[in-house]
Amino acid sequence: MKKTIGLLTCLLVAGMTFGQNFKVETVKMRFDNPSVDGSAEFYQNIEDNVADIDAAATHPKTSNNPKMWYYKGLTYLTVYLQGTEVQQQAHPNALNIATEAFYKAIETDVKDKYKEPSEAALLNCAIGHYNTGVAQYKVADYKGAIASYEKVRKILPLDKDGNLKRSNIILETVIQYSSYAAVADENYTQAKAFIEELIAMNYLDPNIYVEMVRLHLLEKDTVGALKYIELGREMFENNVTLINVELDLYLKQGRSKELIDKLNAAIEQDGENKVYYFARAVSLMKLEDLDGAEADYLKVIELDNAFADAHYNLGVVYVDRCKPIAEEIDATTDWKKQKLLASKIDAWYVKAAAQFEEALVVGDYADADKKITIETLKKLYGRLMQNDPAYEPKYEDMKELLTTLE
């Protein structure tokens, strides 16, 4: 009798194991012979696959089976990508479940039977996590975004054929987006760590140095800020944004003379370097030395007529020359003198407009910057056409151009 009971127990256990393996095989068969996408049968198969694979996953005889883990990954990836809204709401963590399942399939697969397809499926998971991170950032879930990007980073080494790269998902971008989220979350230590990674990778974006300067200044670390300005200038010597950041920092520190001395020495060594003249012009402009700034901007234009920012800033210098004249007009009641002074302002406006026009022609400006230049020209033409009707067509042209940017 004891032998009969033992045999019966073995048969029951074997039957239960076969039942769980059968569930995994059934899920496999549904994937091997899929129903039409979007059909009632298709969505019912998703429901059935979830039920069968969850049962197999919790059974001790199949819970460590690489085949089960692989098909669990496929099941939940299908829920995430193609399930109905109700199914996706019922399984909000479907993408995370799928990702972990594929990792488990690789981990438990000593024969490497499911390794390659699991790695391929993980690339689809990476796209999902990337999109999730972008969406989380938009709704201010910055910690969630960073966590999603970390999942992408873990998968990226599996992209041996560059499939993710073709979708513009690369390590540098993921790290940079992580830094944006950390900054928005005001976790500056984490943000700096991400940017340090990019710097170590020689990532060719000057804005990462600008951001490091800003973060160090937020923490009142001027020494650190100067360090990253120098690093950035070594990489991007001619970048106007970095030049301006450096100038602003020197000026805030009251080191304008030191900066100009530095630029004077640089110009002595390289008298044909337009960037040095431009940097000195900006510095002199901030010190209200309009004569010196004008001379340097003209030198920049002589060296490179296509240097749009030099044209634009020279236009600003000419407009700034009108401020003391306008103050003289306000200080007198002599209308003849006012008229004479007004004609001087018009003369400077004519010179300024010519520079802004040139900046608009040669500059590769974004729409926002282009709009500022056009609005400036519109104001100048509006003033000039009061005494010279020849400027009225130019005024109308600027009005029309503005409508194309709104």
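This is a predicted model, so every value here is computed, not measured.
- When side chains are defined from C-beta on, F31 does not count as touching M29, because their heavy atoms never get closer than 4.5 Å.
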### Task
Apply salt bridge (charged side-chain N to carboxylate O under 4.0 Å, His left out) to the pair K299 and D304, showing each step before the final yes or no.
CA-CA 9 Å; K299 181 64 177 178; D304 180 6; over 6 Å; no
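- Nearest heavy atom pair, residue F194 against residue I175, reads O-CG2, 3.3 Å.
- Taking 4.0 Å as the cut-off between side-chain N and carboxylate O, R255 and E246 do not count as a salt-bridged pair.
- Nearest approach of P157 to K160, heavy atoms of both residues: O-NZ, 3.8 Å.
- At a threshold of 4.5 Å between non-hydrogen side-chain atoms, the residues W348 and I325 count as touching.
- When all heavy atoms of I195 and I208 are compared, the pair lying nearest together is CG2-O, 3.6 Å.
- Across every non-hydrogen atom of R383 and A342, the tightest pair is NH2-O, 3.4 Å.
- Checked against the 6.0 Å centroid criterion, the rings of Y70 and Y114 qualify as a close aromatic pair.
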### Message
Apply side-chain contact (heavy atoms from CB on, under 4.5 Å) to residues V174 and Y130 and explain how you reach the verdict.
### Response
CA-CA 8 Å; V174 172; Y130 180 85; 4.3 Å; yes
### Message
Under the criterion salt bridge (charged side-chain N to carboxylate O under 4.0 Å, His left out), I'd like the reasoning laid out for E25 against K67: C-alpha separation, chi angles, the key distance, then a yes or no.
### Response
CA-CA 9 Å; E25 188 61 30; K67 181 178 179 180; 2.4 Å; yes
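- A salt bridge between E219 and K192 is present, with a side-chain N of the basic residue lying under 4.0 Å from a carboxylate O of the acidic one.
- Expressed to the nearest 0.5 Å, how far CD1 of I46 lies from CZ of R30 amounts to 11.5 Å.
- Note on D367 versus K371: no salt bridge recorded, every NZ/NE/NH1/NH2 to OD/OE distance being 4.0 Å or above.
- The existence of a salt bridge linking E230 and R233 is excluded, since no basic side-chain nitrogen approaches an acidic carboxylate oxygen closer than 4.0 Å.
- Here the closest non-hydrogen pair linking A308 and G363 is CB-CA, 3.4 Å.
- One side chain, K151 or N96, offers a donor N or O that lies under 3.5 Å from an acceptor on the other.
- Within a 6.0 Å sphere centred on CD of E116, heavy atoms belonging to other residues, nucleotides or ligands number 12 at most.
- Checking Y180 against Q176 by side-chain atom types alone, a donor-acceptor pair falls below 3.5 Å.
- Side-chain rings of H311 and F356 stay apart, their centers remaining 6.0 Å or farther from each other.
- For Q269, the CD atom is loosely surrounded, since the number of other residues' heavy atoms within 6.0 Å does not exceed 12.
- Residue N207 holds its CG atom at 11.5 Å from CZ of R214, rounded to the nearest 0.5 Å.
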### Message
Run E211 and S179 through side-chain hydrogen bond (donor to acceptor under 3.5 Å, both in side chains) and show every step you take.
### Response
CA-CA 10 Å; E211 187 64 10; S179 74; over 6 Å; no
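- In this structure, K154 satisfies the cation-pi test against Y103, with its NZ or CZ atom closer than 6.0 Å to the six-membered ring centre and inside 45 degrees of the ring normal.
- Nearest heavy atom pair, residue K115 against residue D109, reads N-OD2, 3.2 Å.
- Under 3.5 Å, the side chains of E294 and Y318 contain a donor-acceptor pair of N or O atoms.
- Of the possible polar contacts, none joining the S167 side chain to the I169 backbone as a donor-acceptor pair under 3.5 Å is found.
- Side-chain atoms of Y365 and D309 form a donor-acceptor pair, as typed in the model, at a separation below 3.5 Å.
- Once rounded to the nearest 0.5 Å, the distance linking CE of M212 with OH of Y228 reads 3.5 Å.
- No donor-acceptor pair closer than 3.5 Å links the side chain of E328 to the backbone N or O of L341.
- Residues H129 and T99 have side chains that bring a donor and an acceptor to within less than 3.5 angstrom of each other.
- The environment of CG in D37 is crowded: more than 12 heavy-atom neighbours from other residues, nucleotides or ligands sit within 6.0 Å.
- In this model, no donor atom of one side chain and acceptor atom of the other lie less than 3.5 Å apart for T222 and Q253.
- Inspection of the Y76 and D54 side chains reveals an N or O donor paired with an N or O acceptor under 3.5 Å.
- One distance of note links CG of D185 with CG of D141; it measures 9.0 Å at 0.5 Å rounding.
- A distance of 12.0 Å separates OG1 of T376 from CD of E357, quoted to the nearest 0.5 Å.
- In summary, the aromatic rings of Y137 and Y177 are positioned with their centroids too far apart to meet the 6.0 Å limit.
- Separating the CZ atom in F307 from the CG atom in N313 is a distance of 8.5 Å, to the nearest 0.5 Å.
- No salt bridge links K378 with D397; every basic N to acidic carboxylate O contact stays at or beyond 4.0 Å.
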